[in-house]
Amino acid sequence: GKRVLMVASNRRTLLINSKGKCILKLATALPGGGHTGSQLQRNVYYTLLDCVYDRHGQVIYVLDVLCFRTSDYTISMTIDRFENMMSIHKSAIENCEPNRDDLKVKILPHMEATQANITNIFTSEAPFKVDGVMFYHKEVPYIFGITTMHGWLKPYMVGDIFAIPDVHGSFLLGRPRNYEHVAQGVRDWYSTHPSWSVDHKHVQDDTASNHKAVTYSTKEQENIAQSS
């Protein structure tokens with residue numbers, strides 16, 4: 001999938017890619033999206049969602065909520081945005097009735113990244129095909145562009161970061177034969193994605209949690225978490 005912003009405003013819904021190009025135009029029941037509400041509401045309300053668009057599977061996966069109706073969540077902490085998305089807006093987002101029968105909108109599951117939670121997930125069979133795992137700092141507002149406050153790993157890398165010896169085979173699908181460790185895996189990923197120009201990438205110890213984190217930066221103004 002590709003990282004996109006889902007923008008509902010002025011009675012239409014657009015998917016905007018990381019280069020600012022509209023790749024899909026829709027009508028939806030999201031606030032401002034064109035389907036519902038009075039004339040005033042359709043003109044005033046708006047929605048902004050951080051998503052991954054799977055063009056082949058025709059699914060828009062929602063990662064984060066930035067704006068909904070007249071509320072701006074970009075200044076809210078990550079944990080609060082996720083709570084609002086799941087407890088208040090989940091039904092409206094997943095039942096937004098895009099004017100294409102083949103297109104679905106789903107909120108991706110999330111959880112606190114504790115050692116116990118990650119171990120429990122990655123030692124059991126994956127409930128669906130997992131292309132990547134996003135990690136967010138839970139106490140920062142939404143940050144546009146490149147940031148070390150969230151990152152993305154291939155599922156076969158997570159066991160190395162969290163020292164999980166018995167990762168279930170369903171999370172190891174797609175692991176390159178020459179994969180040895182995270183730093184090498186990240187380096188090889190960049191080498192096969194030439195549109196990403198890398199300044200540096202390394203694995204560092206997080207002394208506060210005794211876990212490890214992958215940090216990397218790019219020259220291009222594209223989001224760290226965009227998948228291939």
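Not measured: the values here are computed from a predicted model.
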| task | Treat each ILVMFWY residue as a node, draw an edge where side-chain heavy atoms are under 4.5 Å apart, and state whether M111 and V158 are in one component. | result | yes

| query | Should we count CG of L172 as having more than 12 external heavy atoms under 6.0 Å? | reply | yes

| field | Rounded distance [0.5 Å steps], CE in M85 versus CD in E94 | value | 9.5 Å

| Do F82 and Y136 have ring centroids that are under 6.0 Å from one another? | yes

| task | State yes or no: do I75 and F144 share one hydrophobic cluster built from I, L, V, M, F, W and Y residues joined by side-chain heavy-atom distances below 4.5 Å, directly or via other members? | result | no

| Shortest non-hydrogen contact from F162 to A113? | CE2-O, 4.1 Å

| Nearest heavy-atom pair of P155 and F122: which atoms, and what distance? | O-CE2, 3.7 Å

| Are any non-hydrogen side-chain atoms of Y142 and Y73 less than 4.5 angstrom apart? | no

| Between CG of D50 and NE2 of H150, what distance do you get to the nearest 0.5 Å? | 7.0 Å

| From CA spacing to verdict: side-chain contact (heavy atoms from CB on, under 4.5 Å), H56, D54 | CA-CA 6 Å; H56 300 291; D54 178 3; 3.8 Å; yes

| query | Is a side-chain donor or acceptor of T47 paired with a backbone partner of P31 at a separation under 3.5 angstrom? | reply | yes

| Which distance, rounded to the nearest 0.5 Å, do you find between the CG of L15 and the CD1 of I60? | 4.5 Å

| message | Are the side chains of H137 and T78 in contact, using a 4.5 Å heavy-atom criterion? | response | no

| said: For residues F135 and M77: do they belong to one hydrophobic cluster (side chain heavy atoms under 4.5 Å, members Ile, Leu, Val, Met, Phe, Trp, Tyr)? | reply: no

| Got Q115 and I164 here, is their nearest side-chain heavy-atom distance under 4.5 Å? | yes

| message | When you compare the side chain of E125 with that of S170, does any pair of heavy atoms fall below 4.5 Å? | response | yes

| note | C67 and D72 have their tightest heavy-atom pair at SG-OD1, 3.9 Å

| query | Does any non-hydrogen side-chain atom of T123 lie less than 4.5 Å from one of H168? | reply | no

| Should Y53 and L103 be marked as a side-chain contact (heavy atoms from CB on, under 4.5 Å) after you check the CA-CA gap, both sets of side-chain angles, and the distance that decides it? | CA-CA 10 Å; Y53 175 43; L103 186 65; 4.1 Å; yes

| Has N95 got more than 12 heavy atoms of other residues, nucleotides or ligands less than 6.0 Å from its CG? | yes

| query | Is there a side-chain contact between I23 and K2, using heavy atoms and a 4.5 Å cut-off? | reply | no

| task | Report whether L108 and L30 are members of the same hydrophobic cluster (ILVMFWY, side-chain heavy atoms less than 4.5 Å apart, transitive linking). | result | yes

| message | If we count only N and O atoms by modelled type, under 3.5 Å, do the side chains of Y179 and D160 hold a donor and an acceptor together? | response | yes

| task | State the CD1-CE distance between I93 and M86, to the nearest 0.5 angstrom. | result | 9.0 Å

| request: Measure the OG1-OH distance between T70 and Y46 for me, rounded to the nearest 0.5 Å. | output: 7.0 Å

| I16, V59, V105, V62 screened by side chain to side chain contact (heavy atoms under 4.5 Å, CB included) with C51, the one that passes | V62

| task | Check A8 against T13 and note the closest heavy-atom contact, atom names and distance. | result | CB-OG1, 3.8 Å

| said: Closer than 3.5 angstrom, by distance alone: can the side chain of N120 be matched with the main-chain N or O of A116 as a donor-acceptor pair? | reply: no

| query | Looking at CD of Q58 and NZ of K104, how far apart are the two atoms once the value is rounded to the nearest 0.5 Å? | reply | 11.0 Å

| task | Check whether I88 and Y45 end up in the same hydrophobic cluster, where Ile, Leu, Val, Met, Phe, Trp and Tyr are linked by side-chain heavy atoms less than 4.5 Å apart. | result | no

| L24 versus R55: any side-chain heavy-atom pair under 4.5 Å? | no

| message | Given 3.5 Å as the limit, does a donor-acceptor pair link the side chain of Q184 with the main chain of N178, or not? | response | yes

| Do W152 and V133 come close enough that some side-chain heavy atom pair is under 4.5 Å? | no

| message | If you count every heavy atom of other residues, nucleotides or ligands that lies below 6.0 Å from D102 atom CG, does the total exceed 12? | response | yes

